[in-house]
2 protein chains.
Amino acid sequence: MASRRSKAPAPGVPLGETLVAAGLAPELAEPLVAMPHKVVEVDPRRPFREPGVPRDEVMFVRSGILSKFKTDPAGRRQIVALRFPGEGILPHAGRTDYGIQAIVRSEVMIGRAEDFDPIVEAHPDMQRFFWRLIRRHEAIGYEWLVNCGRRDSIGRVAHLLCETAARMHVGSGRLNNPFTQQQIADITGQTSVNVNRVFADLERQGLIKRHGREIQFKDWAEIRRVASFQPGYLEA
Amino acid sequence: MASRRSKAPAPGVPLGETLVAAGLAPELAEPLVAMPHKVVEVDPRRPFREPGVPRDEVMFVRSGILSKFKTDPAGRRQIVALRFPGEGILPHAGRTDYGIQAIVRSEVMIGRAEDFDPIVEAHPDMQRFFWRLIRRHEAIGYEWLVNCGRRDSIGRVAHLLCETAARMHVGSGRLNNPFTQQQIADITGQTSVNVNRVFADLERQGLIKRHGREIQFKDWAEIRRVASFQPGYLEA
DNA sequence: CGGTTGTTTGAACTGATTCAATCTGTGTGG
DNA sequence: CCACACAGATTGAATCAGTTCAAACAACCG
């Protein structure tokens, strides 16, 4: 019953719009989109940026989803953060400890740190904007720690689904689930086998209905409860 | 065989020094320590700051250790971050999703956001300094996610011990372990019962030796391997 | 069609939890 | 100085959630 991701990325919304939607004042978005940059198409689950390399570049997701990941010496992979359209990965002076891969085929705008940093420094409002975004990602990271540390496997998957629905701005209705079960396992610290069983469970309990990759929430209140999903942390 | 934390906090090192030790230029530390503030003694494992409350204050740890925590609706607690001496918790515009408690008796310097923000905005170098600190805490958070998501219980505890030794600047020798087993459980997403068994295991394997709370690393290389501890992420 | 990637299912196993009891060290007050 | 209370550490037994290994199945692609 597996369905495939669409082969083309979602229509490339202009970056400026997505940034403004994320809360940046329109006149501030302008110098950012005017910054010299290239746009790259990134294939899912292929090496894109390896860990341990210095990265003096900014990237913003225009469409698709990027993930930051780390790999244990034993080879087990853990995804530690996601970036949805309009979100970005800021420059990193020293060596980075994480790698980057796309979850689905994505369009990414890449600029150089030496172009980006002066722009931010020149606009205190933009500093505050990025400050707020960092804080939001921090809050999400904390929530993920609670997820991995304290919830059982059903709660973890349910929570990820709720969060994803919220971050993709689909309400409590249908979610076009972008993840493979392996990726969900890598995010929630489990095995893909178990993720599969959890999905079957959720469906058997009548909380969701699946048509291929698409997920329909049949009982939003109850799945929120199972996930103990309190969306407050997502509002910067 | 339990020993108690010393009843007095570690001698209150001047904040300026600890900030400089953390990499801040001495002339930049000055306006920070000159900022109007109060110094508070915080008792361990007592309510200090509750989640869900706006917090327009900065705090810097002068001695002891602070923890940020979240609590699941089911009442299970997860510690999501630690702050050692010289480290701080920056102001938070909206409602905070986490609470704050001390791990051991701590001295904390508390200032107001409205005093702190202008100082930072006036000094680009200080912005870069805090930027780097944020990045470091982000990296630690990612490593914690790997810890909770991908390591077994021995690896988790061993990793926390290694990280703590590094952050407290004790080399590979003796660590005056500041945590109760319950706190270690709350950090690593386990039960205190299991943490206890892990400690017994580590000792039986000859990796550590315990005298009350004090831990002596008998085989640093091997415990690093067990923990898959790569300290690179700690260097901002 | 054959190759690849992702999903699904079963059976055996194991690491960690739960519950409950006991033990140890520390501090307090009589 | 002893009795007592308290917090934390330790141990055992039963249980269970999640892993591991292995195999089959489905969908898509060239």
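In what follows, chains are A, B, ... by sequence order, proteins preceding strands, each numbered from 1. These numbers come from the heavy atoms of this one structure, side chains and all, not from hydrogens, waters or symmetry mates.
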Would you indicate which nucleotide in [options] comes nearest to any side-chain atom of [X]?
| X | options | value |
| --- | --- | --- |
| B/R213 | D/dA9, C/dG10, C/dT17 | D/dA9 |
| A/S153 | D/dG18, C/dT8, D/dA13 | D/dG18 |
| A/T191 | D/dT20, C/dT7, C/dA16 | D/dT20 |
| A/N194 | C/dT8, C/dA16, D/dG18 | D/dG18 |
| A/N196 | D/dT10, C/dT9, D/dG12 | C/dT9 |
| B/T180 | D/dT19, C/dT18, D/dA9 | D/dA9 |
| A/R197 | C/dA11, C/dC19, C/dT8 | C/dA11 |
| A/Q181 | C/dG10, C/dT7, C/dT17 | C/dT7 |

Worksheet entry | A/D219 side, atom CG; A/L202 side, atom CG - distance, nearest 0.5 Å | 11.5 Å
Worksheet, complete the sentence: Value for CD1 (A/I208) from CD (A/E214), rounded to nearest 0.5 Å, stands at 11.5 Å
Practice prompt. Kindly confirm or rule out a cation-pi arrangement of A/K68 over A/Y98, judged by NZ or CZ under 6.0 Å from the six-membered ring centre and within 45° of its axis?
Written response: yes
Practice prompt. Mark yes or no: A/R77 above the aromatic ring of A/F69, with NZ or CZ under 6.0 Å from the six-membered ring centre and no more than 45 degrees from the axis.
Written response: yes
Response to the item:
Of A/Q182 and B/Q190, the one whose closest nucleotide on DNA chain C sits nearer the 5' end is A/Q182
Worksheet item: Between C/dT18 and B/R76, is there an OP1 or OP2 to side-chain N/O distance shorter than 4.0 Å?
Response: no
I need the [atom1]-[atom2] distance between [X] and [N], as an integer number of Å.
| X | N | atom1 | atom2 | answer |
| --- | --- | --- | --- | --- |
| B/R204 | D/dT11 | CZ | C1' | 12 Å |
| B/D152 | C/dT17 | CG | C1' | 16 Å |
| A/F199 | D/dG18 | CZ | C1' | 17 Å |
| B/I154 | C/dA16 | CD1 | P | 7 Å |
| B/H211 | D/dA9 | NE2 | P | 17 Å |
| A/R151 | C/dT17 | CZ | P | 17 Å |
| A/R105 | D/dC29 | CZ | P | 13 Å |
| B/D201 | C/dT14 | CG | C1' | 14 Å |

Fill in: Residue closer to the 5' end of DNA chain D, A/R156 versus B/R46 (nearest nucleotide)
B/R46
Worksheet item: A/R49 and A/E57: salt bridge (charged side-chain N to carboxylate O under 4.0 Å, His left out), yes or no, with the steps?
Response: CA-CA 11 Å; A/R49 293 291 126 102; A/E57 56 186 4; 2.6 Å; yes
